[in-house]
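Contents: one structure, followed by commentary.
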There are 2 protein chains.
Amino acid sequence: MTEPIKLLLADDQALVRGALAALLSLEPDLTVVAEVGRGDEVVPEARRTRPDVALLDVEMPGLDGIAATARLRAALPACRVLVVTTFGRPGYLRRAMEAGANGFVVKDTPARQLADAVRRVHAGLRVVDPTLAAETLATGPSPLTDRETEVLRTARGGGTVADLAATLHLSEGTVRNHLSAAIGKTGARNRADAVRVAEENGWLLGD
Amino acid sequence: MTEPIKLLLADDQALVRGALAALLSLEPDLTVVAEVGRGDEVVPEARRTRPDVALLDVEMPGLDGIAATARLRAALPACRVLVVTTFGRPGYLRRAMEAGANGFVVKDTPARQLADAVRRVHAGLRVVDPTLAAETLATGPSPLTDRETEVLRTARGGGTVADLAATLHLSEGTVRNHLSAAIGKTGARNRADAVRVAEENGWLLGD
DNA sequence: TTCCGACCGTGACATTTGTCAGGCCGGCCC
DNA sequence: GGGCCGGCCTGACAAATGTCACGGTCGGAA
């Protein structure tokens with residue numbers, strides 16, 4: 001038999017991380033060589049342990065899974081990336097693929113399929129939930145312009161327009177205008193709604 | 001050796017559920033007899049399989065983990081409940097304890113402690129994260145009056161004041177006033193902030 | 001070159017939202 | 001009973017938010 005596939009697990013919830021390790025270790029051809037709980041620990045740990053496949057969660061402190069994917073692919077091109085996330089949001093899949101992920105799995109899939117996904121990714125195939133893929137194509141890329149996403153991202157903190165204007169070095173009118181445009185494009189009625197919609201679609205992820 | 005402890009797992013994410021099952025099955029004195037993915041399946045499944053301890057997630061479709069805890073304790077008093085949640089929000093702990101839970105564990109705790117928690121709960125002890133317990137006492141119970149929580153809960157959907165007034169059969173002024181009170185009590189600046197704070201503290205859970 | 005479109009920035013204006021003072025009702029204590 | 005307190009309801013007012021029309025800049029197409 002050949003060497004087992006070496007895995008790196010990244011998830012901020014220690015319990016889930018350990019449980020996944022237990023689950024995957026049941027497979028004789030898989031072995032977990034590293035576990036991290038923060039996005040910014042992925043690349044250093046991968047450099048040290050040289051895994052074949054990295055399983056990354058999207059929601060992580062330090063650095064989100066999408067950004068971690070990009071950096072890991074840049075630093076160690078030989079290491080495949082399988083993104084494992086809680087939320088099956090269309091934009092997440094798109095961003096993950098753009099960042100160089102080799103697979104995308106929702107945490108709601110049956111447990112036994114995970115090992116298969118790992119093997120396929122390791123073999124060079126792409127693994128994507130078909131339903132989610134269709135949804136992604138239907139949703140399309142972010143309609144928001146750079147400034148608009150920036151303003152929305154800042155508005156996430158929940159301050160007044162004056163605050164946003166101050167932190168962004170803009171006039172209040174400008175901020176209002178960008179927000180209005182974002183509200184229109186997201187089909188929301190509130191600034192809060194717009195933030196929610198944009199977040200659910202993954203339009204606020206990244207840098 | 002005595003009979004192993006029989007467990008029921010409830011979590012909406014199939015992958016996590018399976019992984020937890022794998023993790024706990026490694027312990028010789030534990031055995032998983034049932035798995036469900038919805039809150040409203042907990043009691044029927046427990047009636048069928050008669051577990052000794054039930055591990056319930058808070059975030060679940062159908063019925064949240066708090067409500068499921070209450071119904072399970074009422075239906076099968078012999079079955080202990082250990083609530084396992086993603087978010088260490090003080091209000092969650094309070095509500096879980098009020099609902100009759102025997103233990104409360106955050107998913108961020110080390111994996112190996114989970115089996116211990118199960119054993120302690122089974123032995124009749126209470127298991128609570130000390131940090132979280134202190135935080136809970138500091139936060140205190142919900143300061144919101146009935147009407148205020150109702151209005152906030154409705155406002156969660158994100159409509160205009162007129163909408164809220166229509167669905168609640170109230171004057172717009174009244175709705176504004178309740179919202180204002182809620183904003184004041186939560187220390188927020190926006191209606192959206194108030195909703196967020198109240199949700200994080202678990203003041204909007206339940207019926 | 002000119003034209004055109006997309007994006008950014010800005011101020012005036014209408015709408016929505018949040019605050020306040022006050023009236024009403026039921027329970028509780030003196 | 002009378003006084004008091006807390007919750008609920010309401011309308012008037014001030015502050016914030018969202019919309020609109022406009023001007024400026026840059027880059028590509030005609």
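A note on names: the letters A, B, ... follow the listed sequences, proteins ahead of strands, and every chain is numbered from 1. Below, each value reflects all heavy atoms present in this structure, side chains not excepted, and no hydrogens, waters or symmetry copies.
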Open item on the list: Classify B/Arg176 by what it touches in the nucleic acid, base, sugar-phosphate, or nothing, heavy-atom distance under 4.0 Å.
Closed with: base

Open item on the list: Whether the side chain of A/Arg126 engages the backbone of A/Ala101 through a donor-acceptor N/O pair (distance < 3.5 Å, no angle test) should be reported.
Closed with: yes

TODO: Using a 4.0 Å heavy-atom cut-off across all strands, classify B/Ser171 as base, sugar-phosphate, or nothing.
DONE: sugar-phosphate

Task: Gap between atoms NE2 and P, on A/His178 and D/dG18 respectively (whole Å) - done: 15 Å

TODO: Figure out the CG/C1' separation between A/Leu168 and C/dT10, and round it to whole Å.
DONE: 15 Å

Task: Distance in angstrom units between B/Lys185 NZ and C/dG18 C1', rounded - done: 16 Å

Open item on the list: Measuring from atom OG1 of A/Thr186 to atom CD of A/Glu200, what distance do you get when rounded to the nearest 0.5 angstrom?
Closed with: 11.0 Å

- [ ] Please state whether the phosphate of D/dC9, meaning OP1 or OP2, lies under 4.0 angstrom from any side-chain nitrogen or oxygen of B/Arg147.
- [x] yes

TODO: Among C/dG18, D/dC9, D/dG18, find the nucleotide with the atom closest to the side chain of A/Arg191.
DONE: D/dG18

TODO: Counting heavy atoms from C-beta on, name the nucleotide in D/dT17, C/dT19, C/dG9 closest to the side chain of B/Ser180.
DONE: C/dT19

TODO: Take the protein atom CG of A/Asn190 and the nucleotide atom P of C/dT16, then report the distance between them rounded to whole Å.
DONE: 11 Å

Task: Candidates A/Leu132, A/Val106, A/Asp64, A/Thr85 - the one meeting side chain to side chain contact (heavy atoms under 4.5 Å, CB included) with A/Tyr92 - done: A/Thr85

Open item on the list: Does C/dC8 have OP1 or OP2 under 4.0 Å away from a side-chain N or O of A/Thr174?
Closed with: no

TODO: Calculate the interatomic distance between B/Leu170 atom CG and D/dC8 atom P; express it in whole Å.
DONE: 11 Å

- [ ] Give a yes or no on whether a donor-acceptor pair under 3.5 Å exists between the nucleobase atoms of C/dT10, that is its base, and the side chain of A/Asn177.
- [x] yes

Task: Integer-rounded Å distance: C/dG18 C1' and B/Glu172 CD - done: 13 Å

Open item on the list: Tell me the interatomic distance from B/Glu150, atom CD, to D/dG7, atom P, rounded to whole angstroms.
Closed with: 16 Å

- [ ] Check the distance between C/dG18's C1' and B/Leu152's CG and give it to me in whole angstrom.
- [x] 14 Å

- [ ] Tell me what A/Thr145 touches on the nucleic acid: a base, only sugar-phosphate, or nothing, going by heavy atoms under 4.0 Å.
- [x] sugar-phosphate

- [ ] Side-chain contact test, heavy atoms from C-beta onward, threshold under 4.5 Å: evaluate it for B/Val161 versus B/Arg191 and give yes or no.
- [x] yes

Task: Which atom of B/Glu35 lies closest to which atom of B/Arg17, heavy atoms considered - done: OE1-NE, 3.5 Å

